[in-house]
Each structure stands twice: as structure tokens, then as C-alpha cells.
Amino acid sequence: MNDEMRRNMPLFPIGTVTKLTDLTPRQVRYYEQQGLIQPERTNGNQRLFSFNDVERLFEIKSLIEKGINLAGVKEMLQKNHQILEANKEVEKAQAEVVKVKQELSERELRRLLKRDLLHPKLGRTSEVYGEFSRFFRN
DNA sequence: CTTCTAACA
DNA sequence: TGTTAGAA
């Protein structure tokens, strides 16, 4: 969660951005006007762009060069955003599955240890119980 | 000198 | 999208 902060940090003025992207200031300002980027502003009302802003501008430029108009670029960008959000939900669901699996493993282990206590086959039952007593808080 | 907004011989 | 004007 720290790397994302760095990528969103407002750093460079429009001059730097235009040199980086080979876009004109006119284009960069217009893209902002269309809601494709949201650079911060200084106290003097000058735009400050983040790494993410510059990255997005490269994407926009690439799509424009492929003959896609701004409306199309806008759609693709927001759909890409939707896909990223969907992926986040998938990852959450997967993490939940892992969690459930771990819980089931612990129940299984508890059941096995309990069985061994009831039917000790070795002479070290008390030691085993001491090591795994945390499974018997219920 | 750089950037901003608004407008269009 | 380019370009220009006047202000900050």
C-alpha cells in the first residue's frame, strides 16, 4: 500500500510531461478536461502529474495512434478499470477460500489429536497434549 | 521563462 | 488539434 502512494504522488509539471510523452500541452489539458486524467494542482493552480498520470497518458497516446477517438479511449480506460476492480474481488474470494481450507485443516488436526488422546498408542500422550493444547480450548 | 484559461484570421 | 493573447 506504499508503492501505490508513490505512483500517485504529484511530482512533475506539464512541461516535463509533454517532453516525456511527446504530447502537446493542449492535448494533455484537453484529456484532463475529458476526465481521462486527474492531475493535482499547486497553490498557484499549476498542474502536477503523478507517475500514474504519465502512464495513463502513454496509454491514451498509444490508443489515439491506433486510430481510436477520445470517446473510444475513454470507454476502454473505464472498462479496463472495471476489469481491475473485478480482479480485486476475485482475489478476495480466493483468499477467503484459502482461509476456509486452513480452518478445515485445523478442525481435522484437532479431531485426529483428540482421537489419539482417547486411544493412545504411544507412551508420550501427555507430551503431545502439551504441544498441541491450543487445539483444545473449546 | 513556464503555465493557465479562453477563444478563434 | 493548433495557435494566440493576456495574466499569474
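Quantities reported herein were computed from a predicted structural model and do not represent experimental measurements. Within every chain, numbering begins at 1; the chains are lettered A, B, ... in the order of the sequence lines, protein sequences first and strands thereafter.
Residue-level contact check: A:Gly15 touches the backbone only, with heavy atoms under 4.0 Å from sugar-phosphate atoms and none from bases. Looking at heavy-atom distances under 4.0 Å, A:Arg47 makes contact with sugar-phosphate atoms alone, never a base. The residue A:Pro25 sits apart from the nucleic acid: no heavy atom pair falls under 4.0 Å.
No donor-acceptor pair under 3.5 Å is formed between the side chain of A:Thr16 and the backbone N or O of A:Phe12. The closest donor-acceptor contact from the side chain of A:Lys74 to the backbone of A:Leu36 lies at 3.5 Å or more, if one exists at all.
Residues A:Val54 and A:Val17 are in side-chain contact: their nearest non-hydrogen atoms beyond the backbone lie under 4.5 Å apart.
Here B:dC4 presents its P atom at 5 Å from CD1 of A:Ile14, a figure rounded to the nearest Å. Following rounding to the nearest Å, A:Glu40 (CD) and B:dC4 (P) show an atom-to-atom distance of 14 Å. The distance from atom NZ of A:Lys19 to atom C1' of B:dT3 is 13 Å, rounded to the nearest whole Å. Distance A:Leu23 CG to C:dT3 P: 15 Å, rounded to the nearest Å. For the pair A:Lys61 NZ and C:dT1 C1', the interatomic distance rounds to 15 Å; values are reported in whole Å. For the pair A:Arg41 CZ and B:dT3 P, the interatomic distance rounds to 13 Å; values are reported in whole Å. The distance from atom CZ of A:Arg29 to atom P of B:dC4 is 5 Å, rounded to the nearest whole Å. A:Glu32 places its CD atom 7 Å from the P atom of B:dT5, with the value rounded to the nearest Å.
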Next item on the list: Give the intermediate values and the outcome of salt bridge (Lys or Arg N to Asp or Glu O under 4.0 Å) for residues A:Glu40 and A:Arg47.
Entry: CA-CA 6 Å; A:Glu40 296 292 318; A:Arg47 275 166 268 249; over 6 Å; no
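One can find a donor-acceptor pair under 3.5 Å joining the base of C:dT3 and the side-chain atoms of A:Arg26.
Pairing for B:dA9 is absent, with no Watson-Crick or G-U wobble pair whose two atom distances lie under 3.5 Å.
The 5' end of DNA chain C is approached more closely, in terms of each residue's nearest nucleotide, by A:Ile64 than by the other of A:Ile64 and A:Gly44. Residue-to-nucleotide proximity on DNA chain C shows that, of A:Tyr31 and A:Gln46, the 5′-proximal contact is made by A:Tyr31.
Contact between the side-chain N/O atoms of A:Thr24 and the OP1/OP2 oxygens of C:dT1 is not found at any separation under 4.0 Å.
Contact record, A:Pro10 with A:Leu48: CB-CB, 3.8 Å, taken as the closest heavy-atom pair.
In this structure, the nucleotide among B:dT5, B:dT3, C:dG2 sitting nearest to the side chain of A:Pro13 is B:dT3.
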